[in-house]
Amino acid sequence: MKKIFIIIPLFWGGFLFSQKKPQKSPGKRTAVTAKFNYHEEFKKISDEIMVNGTAYNNLGELTKNVGSRFSATPGYTKAVEWAEKKLKNIDIPMIWRQEAKAPIWIRGRESLQIKTGNGDWKSIKMLSFGNSEGTGGKDLVGEIVLISSTSELNAMAIGQLKDKIVFVNVPMDPKIFNTSDSYLLTAKSKLISASVIAKTGAKALIIRSLTTANDDTPHAKMVYYEPDDKVRIPALSIGVKSADELEKLLQKQKVTAKLNMTAESKGDTTNPNIIAEIPGKKDSKVIV
């Protein structure tokens, strides 16, 4: 069975040379071995990555050129072929496919419209969350209710928001330097849990995109439902600008939403992971 070690590139320096230890010669005399400068070697590797690294270019090529890569879609097959080719181009000797079970989810057609009072319907850019339930292709209409904090959510009684559409407009904290930490802090909030929101009686969940960008491009994560959920409500995301504009409208008047999603899950399939193995140059031990 092959052993694979996944190592963050910036820390390769310490790992690659971790076994280079001064060896004592037999007898009383000890061989003089130059002290290995781990800091210097780490800096060389770090500099190489920062100056000549292509990770972001590769990521851009994957996301822009290959595009969406959902399970059991032509995009996923294309991504697999792209990954194999990339790894071969950098002369990695061991590359293979590992079959893995994955769910099949189809986004389908989707739309979101809002209106105030007797006004006309206005379309808003939206993106359903991965794995989200749809509306069966039928219009789901309801009054939008804004919830801005977990304390506000906790104060809601079961069924209090029956037939409402909950809108959560919680921005990522810009004061947190590491944006990944800010993202995870917001993403783990009960405010964006479809299972938690469904217990209030709400029939859909709209979430402000989890991004620090001040644009109107919706970003969507994966939504998870609890096994004991009696109702699985649709969950979707809207862009930052649309979210702020919607909150301003809600502060002044009643707003109604009309949601239509054909998203659906279709069981499981088997998709390949692409695994590459880089052996050491001095022996056959796996480095990465």
Side-chain angles (χ1 to χ4, degrees), residues 50 53-70 75 107 109-116 119-132 142-153 164-194 196-197 202 204-224 233-261 263:
M50 298 305 292
T54 60
Y56 277 108
N57 291 335
N58 291 336
L59 180 61
E61 189 176 320
L62 176 63
T63 56
K64 299 289 186 180
N65 297 344
V66 176
S68 60
R69 305 169 299 284
F70 287 109
R107 170 170 278 124
R109 302 184 310 277
E110 55 190 21
S111 64
L112 173 65
Q113 296 176 293
I114 63 169
K115 74 172 183 177
T116 56
D120 297 327
W121 289 105
K122 173 187 175 184
S123 294
I124 292 182
K125 291 181 183 178
M126 57 83 71
L127 193 65
S128 53
F129 274 38
N131 196 46
S132 173
E143 180 185 351
I144 299 178
V145 176
L146 173 67
I147 294 182
S148 302
S149 66
T150 51
S151 59
E152 187 178 351
L153 175 63
K164 307 293 185 183
I165 294 177
V166 168
F167 168 49
V168 176
N169 189 28
V170 178
M172 288 172 52
D173 190 345
K175 299 188 294 298
I176 298 177
F177 181 76
N178 188 329
T179 53
S180 295
D181 290 340
S182 180
Y183 177 92
L184 290 173
L185 183 66
T186 309
K188 292 178 179 179
S189 167
K190 291 192 298 182
L191 289 171
I192 62 173
S193 167
V196 173
I197 297 299
L205 173 61
I206 301 174
I207 299 168
R208 175 197 181 101
S209 285
L210 300 185
T211 175
T212 55
N214 187 29
D215 57 25
D216 206 36
T217 301
H219 301 261
K221 60 189 286 289
M222 192 85 167
V223 66
Y224 297 94
I233 64 173
L236 62 121
S237 175
I238 61 176
V240 169
K241 289 186 177 180
S242 287
D244 288 338
E245 289 172 3
L246 179 54
E247 179 168 348
K248 289 178 182 177
L249 283 176
L250 288 167
Q251 291 171 348
K252 300 176 182 177
Q253 57 201 305
K254 174 182 175 180
V255 180
T256 303
K258 180 166 65 176
L259 173 65
N260 193 306
M261 294 164 51

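Just so it is clear, the values below take in all heavy atoms, side chains as well, and ignore hydrogens, waters and symmetry mates. Starting from 1, each residue takes its place in the sequence as its number.
- Side-chain atoms of M126 and M261, non-hydrogen and from C-beta on, do get closer than 4.5 Å to each other.
- Nearest heavy atom pair, residue L259 against residue A204, reads CD2-CB, 4.1 Å.
- Separation of atoms CG (N169) and CG (L191) is listed at 11.0 Å; rounding is to 0.5 Å.
- Going from atom CG of D244 over to atom CG of L249 covers 11.5 Å, rounded to the nearest 0.5 Å.
- Heavy atoms only, all atoms of each residue included: K115 and D120 are closest at CB-O, 3.4 Å.
- Without hydrogens or angle criteria, S149 side chain to E152 main chain gives a donor-acceptor distance under 3.5 Å.
- Residues E61 and V66 fail the side-chain proximity criterion, which asks for heavy atoms closer than 4.5 Å.
- Residues F129 and A220 approach most closely at CD1-CB, 3.7 Å, considering heavy atoms.
- Going from atom CD1 of I114 over to atom CD of E245 covers 8.5 Å, rounded to the nearest 0.5 Å.
- Residue K221 comes nearest to I192 through the heavy atom pair CD-CD1, 4.1 Å, listed as atom of the first residue, atom of the second, then distance.
- Side-chain atoms of L62 and R69, non-hydrogen and from C-beta on, do get closer than 4.5 Å to each other.
- Nearest heavy-atom pair across P218 and D216 is CD-O, 3.4 Å.
- Counting heavy atoms from C-beta on, the side chains of I197 and L153 come closer than 4.5 Å.
- Not a single donor-acceptor pair under 3.5 Å links the side chain of S209 to the backbone N or O of T211.
- With hydrogens and angles ignored, the 3.5 Å screen pairs no side-chain donor or acceptor of N131 with any backbone N or O of Y224.
- Rounding to the nearest 0.5 Å gives a distance of 13.0 Å between CG of N57 and NZ of K64.
- Side-chain contact of S111 with N260: a donor-acceptor pair under 3.5 Å is absent, judged by distance alone.
- With hydrogens and angles ignored, the 3.5 Å screen pairs a side-chain donor or acceptor of S237 with a backbone N or O of H219.
- To the nearest 0.5 Å, atoms CD1 (I165) and CG (L146) are separated by 13.5 Å.
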Notebook entry, point to check: For E110 and L112, what are the C-alpha separation, side-chain angles and deciding distance, and is it a side-chain contact (heavy atoms from CB on, under 4.5 Å)?
Noted result: CA-CA 7 Å; E110 55 190 21; L112 173 65; over 6 Å; no
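- To the nearest 0.5 angstrom, I206 atom CD1 is 7.0 Å from I124 atom CD1.
- Taking each heavy atom of T116 and Q253 in turn, the nearest pair found is CB-OE1, 3.3 Å.
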Notebook entry, point to check: Going through the distances and angles, do K241 and N214 end up as a side-chain contact (heavy atoms from CB on, under 4.5 Å)?
Noted result: CA-CA 7 Å; K241 289 186 177 180; N214 187 29; 4.2 Å; yes
